[in-house]
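A quick note: this is a predicted structure, and the numbers were derived from the prediction, not measured.
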Amino acid sequence: MKVSNIKDIEKFFEVVDSCEGRVELVTGEGDRLNLKSKLSQYVSLANIFSGGEIPELEIVAYEKEDIDKLMSFMING
């Protein structure tokens, strides 16, 4: 799923951390980084966003409940 305009990055990572299954960030090169890893969060997203906002990225979640959590975050903030 593509997500865009994430303004509350801290809340986004709280939602990712609460997911039961694997949540991955798909890079422009097609690599998949485990977003539940704190190291991956810092390394990958430090290169993606500037000004405190993430414009757009593609993430993959494998569990339906996790997809629902992420979708709820995108809709409700």
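With rounding to the nearest 0.5 Å, the separation of CZ in Arg22 from OG in Ser37 is 9.5 Å. Between Ile59 atom CD1 and Phe12 atom CZ the span is 4.5 Å, to the nearest 0.5 Å. Atom CD of residue Glu58 and atom CG of residue Leu25 lie 8.5 Å apart, to the nearest 0.5 angstrom. Of the inter-residue distances, the one linking Glu63 atom CD with Cys19 atom SG reads 9.5 Å to the nearest 0.5 angstrom. Here Leu70 contributes atom CG and Glu65 contributes atom CD; the two are 12.0 Å apart, rounded to the nearest 0.5 Å.
The cluster map of Ile, Leu, Val, Met, Phe, Trp and Tyr, joined by side-chain heavy atoms under 4.5 Å apart, puts Met1 and Phe13 in the same cluster. Residues Val26 and Ile9 are members of separate hydrophobic clusters, defined by side-chain heavy-atom contacts under 4.5 angstrom among Ile, Leu, Val, Met, Phe, Trp and Tyr.
Other residues, nucleotides and ligands contribute at most 12 non-hydrogen atoms within 6.0 Å of the CD atom of Glu20. Remark: Met71 CE is loosely packed, at most 12 non-hydrogen atoms of other residues, nucleotides or ligands lying under 6.0 Å away.
Judged by distance alone, the side chain of Ser18 and the main-chain N or O of Val15 form a donor-acceptor pair under 3.5 Å. Here the side chain of Lys11 pairs no donor or acceptor atom with the backbone of Phe73 at under 3.5 angstrom. The closest donor-acceptor contact from the side chain of Asp66 to the backbone of Ala61 lies at 3.5 Å or more, if one exists at all.
Minimum interatomic distance between Gln41 and Leu35 (heavy atoms only, all atoms of both residues): NE2-O, 2.6 Å.
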